[in-house]
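Single-structure report; data block below.
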Amino acid sequence: QVQLVESGGGLVQAGGSLRLSCAASGRTFGSSAMGWFRQAPGKEREFVAAISWNGGSTTYSDSVKGRFTVSRDNAQNTVYLRMNSLKPEDTAVYYCAARKGSWVGVDLGQYDYWGQGTQVTVSS
């Protein structure tokens, strides 16, 4: 079992930055690929970024590539999402997810554990 708790969300102006954190508990964190997803009001949850078990592989959605950076610290059981140059369309609840596999995945169904989400609001 893996429990995930996100933090770091908030209100920021367009062009600003935020760093989200996801603290994980459970012995399998170090071997689990991790992902970030988001869900805006009235929309489906969508993939944002993912990182492999050792951080050696990352992937991003086209909408955030070049602006967001995913990283992890296995010693601290934490994964991060650094978000720069934020836009109003980035407004959403951001979810951290863990999968039992070690390699990155981009589909919701590939992830086995989910956090409760943290709200990010970008004002124009």
Side-chain angles (χ1 to χ4, degrees):
Q1 276 284 35
V2 176
Q3 289 80 45
L4 305 172
V5 179
E6 302 96 335
S7 62
L11 174 64
V12 63
Q13 288 188 332
S17 298
L18 283 174
R19 189 182 77 160
L20 305 183
S21 299
C22 174
S25 61
R27 294 179 294 171
T28 61
F29 176 81
S31 61
S32 298
M34 301 294 295
W36 287 96
F37 292 78
R38 67 187 182 187
Q39 187 166 18
K43 295 188 176 181
E44 294 185 349
R45 194 171 299 188
E46 64 175 6
F47 170 76
V48 175
I51 187 167
S52 62
W53 69 280
N54 61 353
S57 177
T58 58
T59 189
Y60 301 89
S61 68
D62 288 343
S63 61
V64 308
K65 196 173 297 181
R67 300 188 297 122
F68 290 12
T69 303
V70 60
S71 61
R72 65 189 296 161
D73 183 344
N74 284 352
Q76 297 295 323
N77 276 17
T78 303
V79 63
Y80 304 97
L81 184 68
R82 176 68 180 182
M83 306 185 295
N84 295 330
S85 303
L86 282 161
K87 305 174 182 180
E89 51 263 44
D90 294 318
T91 295
V93 177
Y94 282 72
Y95 296 91
C96 172
R99 63 177 307 201
K100 294 178 181 177
S102 298
W103 304 107
V104 297
V106 301
D107 295 324
L108 276 73
Q110 294 176 298
Y111 289 82
D112 303 285
Y113 307 102
W114 293 84
Q116 83 290 347
T118 186
Q119 176 70 48
V120 171
T121 303
V122 184
S123 63
S124 56

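- Within the 3.5 Å criterion, the main-chain N or O of K100 finds a donor-acceptor partner in the side chain of D112.
- The heavy-atom pair separating V48 from V64 by the smallest distance is O-CG2, 3.5 Å.
- Cation-pi geometry between R45 and W114 is met: the NZ or CZ atom falls under 6.0 Å from the ring centre, inside 45° of the normal.
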Discussion item. Using the rule given for side-chain contact (heavy atoms from CB on, under 4.5 Å), can you reason through S63 versus R38, listing the C-alpha separation, both sets of side-chain angles and the distance that settles it, and then say yes or no?
Written reply: CA-CA 12 Å; S63 61; R38 67 187 182 187; 3.4 Å; yes
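- Contact of the R99 side chain with the Y113 side chain is not registered, since no non-hydrogen atoms from C-beta on lie closer than 4.5 Å.
- Hydrophobic clustering (side-chain heavy atoms under 4.5 Å, transitive across Ile, Leu, Val, Met, Phe, Trp, Tyr) keeps V93 apart from M83.
- Here CD1 of I51 is found 12.5 Å from OG of S32. Values are rounded to the nearest 0.5 Å.
- No side-chain N or O of Q13 forms a donor-acceptor pair with one of S123 less than 3.5 Å apart.
- For S57 against V104, the heavy-atom pair with the smallest separation is O-CG1, 3.6 Å.
- At least one donor-acceptor pair closer than 3.5 Å links the side chain of D73 to the backbone N or O of A75.
- A donor-acceptor pair is defined here as one N or O able to donate and one able to accept, closer than 3.5 Å; such a pair exists between the side chain of S102 and the backbone of S31.
- For the residue pair N84 and S17, a side-chain donor N or O sits within less than 3.5 Å of a side-chain acceptor on the partner.
- Using a cutoff of 4.0 Å between basic side-chain nitrogens and carboxylate oxygens, K87 and D90 are not scored as salt-bridged.
- A donor-acceptor pair under 3.5 Å links the side-chain atoms of E6 to the main chain of G117, judged by distance alone.
- In this structure, F37 and Y111 have perpendicular ring planes: the angle between them is above 60°, well past the 30° mark.
- Scanning both residues, V2 and A98, for their nearest heavy atoms gives CG1-CB, 4.3 Å.
- When side chains are defined from C-beta on, V70 counts as touching V79, because their heavy atoms get closer than 4.5 Å.
- Remark: the backbone N or O of L11 is not paired with any side-chain donor or acceptor of T121 at under 3.5 angstrom.
- Considering every non-hydrogen atom in both A49 and L81, the closest pair reads CB-CD1, 4.1 Å.
- Taking the side chain as every heavy atom from C-beta outward, Y95 and C22 never approach each other to under 4.5 Å.
- The shortest side-chain heavy-atom distance between C96 and M34 falls under the 4.5 Å cut-off.
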Worksheet entry | From CA spacing to verdict: side-chain contact (heavy atoms from CB on, under 4.5 Å), F68, L86 | CA-CA 9 Å; F68 290 12; L86 282 161; 3.9 Å; yes
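- Exactly one residue among V5, L18, L20 makes a side-chain contact (heavy atoms from CB on, under 4.5 Å) with T118. That residue is L20.
- When all heavy atoms are compared, the tightest approach of S124 to P88 is CB-CG, 3.8 Å.
- You'll find the side chain of Q119 reaches within 4.5 Å of the side chain of T91, heavy atoms only.
- Within the cation-pi definition used here (under 6.0 Å to the ring centroid, within 45° of the axis), R72 qualifies as a partner of F29.
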Practice prompt. Could you give me the CA-CA distance, side-chain angles and deciding distance for R67 and Y60, then say whether side-chain contact (heavy atoms from CB on, under 4.5 Å) is met?
Written response: CA-CA 10 Å; R67 300 188 297 122; Y60 301 89; over 6 Å; no
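- Considering every non-hydrogen atom in both F47 and V106, the closest pair reads CB-O, 3.3 Å.
- Remark: the R19 side chain and the Y80 side chain contain no N/O donor-acceptor pair separated by less than 3.5 Å.
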